[in-house]
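Reviewing the structure listed below.
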Amino acid sequence: MKEQNIPHVFLNKSENPPSAVPPSTPPQSPPLNEADVTNNIKEFGQLSTPGKDVQSCIHCLTIIGQVEGHMSLPPQNKTTKYEHLIPQIVGICEDPKIKGVLIILNTVGGDVEAGLALAELIASINKPTVSLVLGGAHSIGIPISVSSDYSFITQTASMTIHPVRMNGTVIGVSQAFEFFDQMQERIIEFVESHSKISSDRFRELMLATGKLAMDVGTVLVGQQAVEEKIIDEVGGLKAAMDKLHELIGNDEQKEVGNQI
């Protein structure tokens with residue numbers, strides 16, 4: 001009797017053919033342990049960290065101490081390194097789980113170009129942003145504080161407005177003054193475009209005499225910053241969080257409306 005080749009019949013639909021390779025699952029990064037989470041908060045001040053089971057929809061961006069720019073500051077200085085914040089901000093824009101950003105400031109200022117770079121990045125984030133000034137946001141911290149969609153300052157926090165300064169060798173020529181003036185105008189224009197204060201009034205506060213001992217400028221505390229129309233409102237963390245959730249809700253409603 002001639003043998004016949006009888007094809008194999010798969011009775012179970014879930015059964016794979018012998019030659020089939022089971023589908024591969026994409027590799028998943030292991031969750032961060034407690035030490036990694038603590039180090040992330042210590043080094044970068046991050047609230048939401050990748051790999052956590054529960055992730056907040058709000059990212060906390062902290063700007064404290066001095067804004068460190070192209071030159072490294074002494075190790076005893078508390079600093080915010082702008083090269084750490086730039087990739088964070090890019091990641092915030094790309095992460096769909098993050099719905100809003102809370103920027104908390106307690107800074108004495110620092111590198112002008114680095115501070116303006118951070119301010120421009122925060123202003124161009126594609127998600128709702130709210131800033132909160134705690135303690136102080138002095139010098140170049142002012143453009144950063146007004147770069148968000150809405151800004152808060154606590155009752156006891158202060159802001160020092162003063163002209164641009166430079167360390168190191170300065171050549172005594174007219175071009176040096178023009179360079180300082182040009183840099184100041186960049187700051188004034190940014191603050192004017194992201195707050196309700198006029199450029200003339202901000203320049204007047206910057207060049208005021210008699211307000212600071214052996215210096216030129218103005219110190220604004222809490223409500224004064226709101227009265228000068230630099231900051232939107234006096235409030236603390238609860239007020240800032242409530243406002244951010246409100247902006248997130250408005251943003252989500254706009255997305256639903258666009259889809260309809």
Side-chain angles (χ1 to χ4, degrees), residues 45 61-71 73 79-86 88-90 92-93 101-154 157-166 179-208 212 215-222 224-233 240:
L61 201 65
T62 55
I63 299 174
I64 59 175
Q66 275 188 272
V67 177
E68 188 178 83
H70 306 298
M71 301 295 293
L73 295 173
T79 62
T80 294
K81 300 180 184 296
Y82 84 119
E83 69 269 21
H84 286 178
L85 293 186
I86 290 174
Q88 277 192 59
I89 294 173
V90 175
I92 288 168
C93 294
V101 185
L102 176 66
I103 303 105
I104 296 182
L105 298 101
N106 188 2
T107 175
V108 296
D111 189 285
V112 173
E113 288 193 346
L116 279 178
L118 292 178
E120 291 283 6
L121 277 176
I122 293 171
S124 58
I125 290 177
N126 57 356
K127 298 173 183 180
T129 56
V130 170
S131 62
L132 173 61
V133 178
L134 296 172
H138 309 288
S139 188
I140 201 60
I142 296 173
I144 300 175
S145 65
V146 303
S147 62
S148 59
D149 298 327
Y150 202 87
S151 57
F152 286 89
I153 186 171
T154 59
S158 61
M159 308 181 83
T160 303
I161 308 170
H162 62 73
V164 173
R165 297 147 177 174
M166 180 173 288
F179 175 73
F180 282 179
D181 188 58
Q182 184 187 49
M183 189 172 292
Q184 285 181 182
E185 288 303 315
R186 290 162 59 192
I187 297 172
I188 293 171
E189 289 175 5
F190 184 90
V191 173
E192 180 190 27
S193 61
H194 290 84
S195 67
K196 298 179 179 65
I197 192 172
S198 66
S199 59
D200 292 337
R201 179 56 181 165
F202 191 79
R203 191 179 291 105
E204 181 182 344
L205 294 173
M206 179 183 284
L207 302 176
L212 299 174
D215 203 348
V216 177
T218 305
V219 177
L220 302 175
V221 179
Q224 294 176 334
V226 178
E227 292 172 356
E228 292 291 351
K229 301 179 181 179
I230 298 176
I231 300 296
D232 293 314
E233 189 177 336

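Computed from a predicted model, the values in this text were never measured in an experiment.
With rounding to the nearest 0.5 angstrom, the CD1 atom of I161 is 3.5 Å from the CD1 atom of I230. Interatomic distance, D200 CG to I188 CD1, rounded to the nearest 0.5 Å: 9.0 Å. Rounding to the nearest 0.5 angstrom, the gap separating the CD1 atom in I140 from the CE atom in M183 is 9.0 Å. S198 OG to E192 CD: the interatomic distance, rounded to the nearest 0.5 Å, is 7.0 Å. Rounding to the nearest 0.5 angstrom, the gap separating the CE atom in M159 from the CG atom in L105 is 8.0 Å. Within the model, atoms CG of L61 and CD1 of I122 stand 5.5 Å from one another, a figure rounded to the nearest 0.5 Å.
The closest side-chain heavy-atom distance from I64 to I104 is not below 4.5 Å. Side-chain contact between V219 and Q224 is absent, with no heavy-atom pair separated by less than 4.5 Å.
In this structure R186 satisfies the side-chain hydrogen bond (donor to acceptor under 3.5 Å, both in side chains) test with no other residue, sequence neighbours excluded. Looking at residues two or more places apart in sequence or on another chain, you find no ring-ring contact (aromatic ring centres under 6.0 Å, His included) involving F202. The side-chain hydrogen bond (donor to acceptor under 3.5 Å, both in side chains) check on E204 picks up R201, with sequence neighbours excluded. When the side-chain hydrogen bond (donor to acceptor under 3.5 Å, both in side chains) test is applied to K229, no partner is found at least two apart in sequence or on another chain. For Q66, the side-chain hydrogen bond (donor to acceptor under 3.5 Å, both in side chains) partners at least two apart in sequence or on another chain are N77.
No side-chain donor-acceptor contact under 3.5 Å links D149 to the backbone of V130. For S147 (side chain) and E120 (main-chain N/O), no donor-acceptor pair under 3.5 Å exists by modelled atom type. Remark: side-chain polar atoms of T218 are paired, donor with acceptor, to backbone N or O of L205 under 3.5 angstrom. A donor-acceptor pair under 3.5 Å links the side-chain atoms of K127 to the main chain of I92, judged by distance alone. Not a single donor-acceptor pair under 3.5 Å links the side chain of T107 to the backbone N or O of A137.
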Fill in: Worked check of side chain to side chain contact (heavy atoms under 4.5 Å, CB included) between I63 and L85
CA-CA 9 Å; I63 299 174; L85 293 186; 4.0 Å; yes

Item to complete: Please assess L116 against E113 for the test side chain to side chain contact (heavy atoms under 4.5 Å, CB included), listing each intermediate value before the final yes or no.
Response: CA-CA 5 Å; L116 279 178; E113 288 193 346; 5.8 Å; no

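Summarising the geometry of V191 relative to V146, their closest heavy-atom pair is CA-CG2, 4.2 Å, with the distance given to 0.1 Å. Nearest heavy-atom pair, E233 versus V226, reported as atom, atom and distance to 0.1 Å: C-CG2, 3.8 Å. Closest approach of P163 and L207 over heavy atoms only: CG-CD2, 3.8 Å. Closest heavy-atom contact between A123 and F190: CB-CZ, 4.4 Å. What you find for I125 and C93 is that their closest heavy atoms are CA-SG, 4.0 Å.
Between F152 and Y150, the ring planes are tilted. Angles from 30° to 60° get that label.
Within the structure, every pair that satisfies the side chain to side chain donor-acceptor pair (under 3.5 Å) test and touches residues 130-141, not counting sequence neighbours, is listed here: S131-S148, H138-T160, S139-H162.
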